[in-house]
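The next block holds one structure in the form of structure tokens; read it before the comments.
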Amino acid sequence: MSAPKPYAEVIGDPIAQSKSPLIHGFWLKQLGIEADYRSYRVTSADLASYIAERREDSAWRGCNITMPLKQEVIPLLDQVEVDAQTIGAVNTVYRGDNGELIGANTDAVGFTEPLQDILASEHLFRMARIIGTGGAARAIITALTAHGFTLVIAARNQAKAKQVLKELHPEGEHYTAPLDHFAKPTDFAFDDRDRCLDLVVNASPLGMRGSQELVFDWSHAPPGSIAYDIVTDPVETPFLQRAAKAGFPTIDGLSMLIGQAAAAFEKFFGQAPPRDHDAQLREVISQ
């Protein structure tokens, strides 16, 4: 009998909308690798039994993890990489050389990938307004503080936002704000932003298809700010549409999704994906 075909998968709840199977399937086909990548609905109550079952499946190479399981999975693993420990969230589980289950976080590297050219430049000041406090937000906060950003974390629960900052960057001079603060127009006169880098990041599920809309008034963004939305369904969120209408450059969620998937793909299948086909891949997953 032939060995079962290797596979990896993405888990979470909900999971039907995930574009990860399209991304990994595209790369597997491009490289001619005989393997599968699937989606599988796993709730918080199912998570422990799922990990136990997959641990015994020799064909299973690992999984990507979406909301709401990125923190809940940590106690179920054998090891957690340092970056994921720092972030406090795991979005990728893969097998080590001896079959052990290792937790990683590829969200941070995926988030910063489309910003690399900008981050390579020198700035007098860097500030990011980040909406959200979940697992993806924690990765983004960690990535941006490493690049010298001052942060403003906006959330419905300010106490949670303060706790996240205390856990991730207690020595930094960062701030929190209630989410509805940014929903109302402001007449604040921003100073000259030459040689400054400003980001406005939606790191929450707000604006996702079927979810509540994110209300953000773009009078709160300094001139030249970059609008970045990690939501992938829809790709052109109302948040990004309003930013573009107000004259701000935008980055959509597919950029982060593809970047984090590339790092995970190599852990699952032992080869780097063919990134020279990214334009074609974006067309595939945007349909």
Side-chain angles (χ1 to χ4, degrees), residues 8-28 30 37-42 63-71 87 89-92 104-116 128-141 143-144 199-216 226-244 248-265 268 273 275 277-287:
E9 53 198 343
V10 58
I11 66 170
D13 180 32
I15 201 61
Q17 83 289 352
S18 175
K19 299 178 186 295
S20 293
L22 289 173
I23 296 172
H24 289 266
F26 179 88
W27 287 334
L28 288 169
Q30 290 285 329
Y37 187 99
R38 312 164 183 169
S39 64
Y40 193 81
R41 180 174 176 266
V42 176
C63 64
N64 289 118
I65 301 172
T66 65
M67 298 176 294
L69 309 175
K70 293 185 177 185
Q71 293 169 283
I87 293 166
V90 162
N91 80 323
T92 301
N105 192 301
T106 64
D107 279 337
V109 67
F111 175 79
T112 57
E113 186 179 89
L115 298 169
Q116 285 304 313
R129 293 155 178 81
I130 300 174
I131 297 154
T133 56
R138 294 177 69 95
I140 291 166
I141 289 166
L144 291 181
L199 303 179
V200 181
V201 182
N202 178 27
S204 78
L206 293 173
M208 184 183 296
R209 197 180 306 276
S211 298
Q212 184 178 342
E213 186 175 332
L214 170 60
V215 181
F216 184 92
I226 299 170
Y228 195 149
D229 197 336
I230 71 168
V231 168
T232 60
D233 184 24
V235 177
E236 289 297 325
T237 61
F239 174 80
L240 291 181
Q241 290 172 349
R242 288 193 294 269
F248 296 99
T250 64
I251 299 174
D252 64 42
L254 294 187
S255 299
M256 176 176 173
L257 183 66
I258 293 171
Q260 65 82 22
F265 183 91
F268 297 148
R275 300 301 302 278
H277 298 284
D278 276 9
Q280 182 183 353
L281 175 57
R282 286 182 68 94
E283 291 182 7
V284 169
I285 60 180
S286 296
Q287 294 175 357

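Computation of the quantities below employed the complete heavy-atom set of this structure, encompassing side-chain atoms and omitting hydrogens, waters and symmetry-equivalent molecules. Please read all numbers here as calculations on a predicted model, not as lab measurements.
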Quick one: closest heavy-atom pair of G207 and P234, and the distance?
O-CD, 3.6 Å
Is there a donor-acceptor pair closer than 3.5 Å between any side-chain N or O of T106 and the backbone N or O of Q260?
yes
Hey, does Y37 have a side-chain heavy atom less than 4.5 Å from the side chain of F265?
no
What distance separates L257 CG from I23 CD1, expressed to the nearest 0.5 Å?
3.5 Å
Less than 4.5 Å apart, side chain to side chain, heavy atoms only: is that true for W27 and R275?
yes
Over all heavy atoms of both residues, which pair between N64 and H24 is shortest? Give the atoms and the distance, please.
OD1-NE2, 3.5 Å
Is the backbone N or O of I285 less than 3.5 Å from a side-chain atom of K19, with the two atoms forming a donor-acceptor pair by type?
yes
What heavy-atom pair brings A244 and T250 nearest, and what distance separates the two atoms?
N-CG2, 4.1 Å
Would you say that S255 contacts R282 through its side chain, given a criterion of any heavy-atom pair below 4.5 Å between the two side chains?
yes
Between I230 and D107, is any pair of side-chain heavy atoms under 4.5 Å apart?
no
Quick one: are L281 and Q30 in side-chain contact, heavy atoms under 4.5 Å?
no
Where do P238 and E213 come nearest, in terms of heavy atoms and distance?
CB-OE2, 4.0 Å
One pair to check against side chain to side chain contact (heavy atoms under 4.5 Å, CB included): N105 and V90. What are the steps and the verdict?
CA-CA 5 Å; N105 192 301; V90 162; 5.9 Å; no
Residues at least two apart in sequence or cross-chain that pass side chain to side chain contact (heavy atoms under 4.5 Å, CB included) with T66, listed by chain then number, are V10, I15
I need the minimum non-hydrogen distance between I87 and G135, along with the two atoms involved.
CG2-O, 4.4 Å
Give the C-alpha distance, both sets of side-chain angles, the deciding distance and a yes or no for side chain to side chain contact (heavy atoms under 4.5 Å, CB included) between F268 and L28.
CA-CA 11 Å; F268 297 148; L28 288 169; over 6 Å; no
Side chain to side chain contact (heavy atoms under 4.5 Å, CB included) for I140 and Y228? Distances and angles first, verdict last.
CA-CA 11 Å; I140 291 166; Y228 195 149; over 6 Å; no
Is it the case that the side chains of T237 and D229 hold a donor-acceptor pair, with the cut-off being a distance below 3.5 Å and no angle test?
yes
Tell me, do M256 and I251 make a side-chain contact under 4.5 Å, heavy atoms counted?
no
Test your reading of the model: is there a side-chain donor-acceptor pair from R129 to the backbone of V200, 3.5 Å cut-off?
no
Shortest non-hydrogen contact from A108 toward A143
CB-CB, 4.0 Å
For the backbone of E236 and the side chain of D252, can you confirm whether one donor and one acceptor N or O come within less than 3.5 Å of each other?
no
Could you state the interatomic distance from CG (N91) to CG (L69), rounded to the nearest 0.5 Å?
12.0 Å
Mind checking what makes side chain to side chain donor-acceptor pair (under 3.5 Å) contact with Q212, not counting sequence neighbours?
R156
Carefully, step by step, assess Q17 and R209 under the rule side chain to side chain contact (heavy atoms under 4.5 Å, CB included).
CA-CA 9 Å; Q17 83 289 352; R209 197 180 306 276; over 6 Å; no
Nearest 0.5 Å, please: how far is CD1 in I65 from OG in S20?
11.5 Å
Output for pair (R138 CZ, K70 NZ), nearest 0.5 Å, gives 11.5 Å
Please report the interatomic distance CD(E283) to CG(L254), rounded to the nearest 0.5 Å.
12.0 Å
Spatial distance of atom CG (L214) from atom CD1 (I131) [nearest 0.5 Å]:
4.5 Å
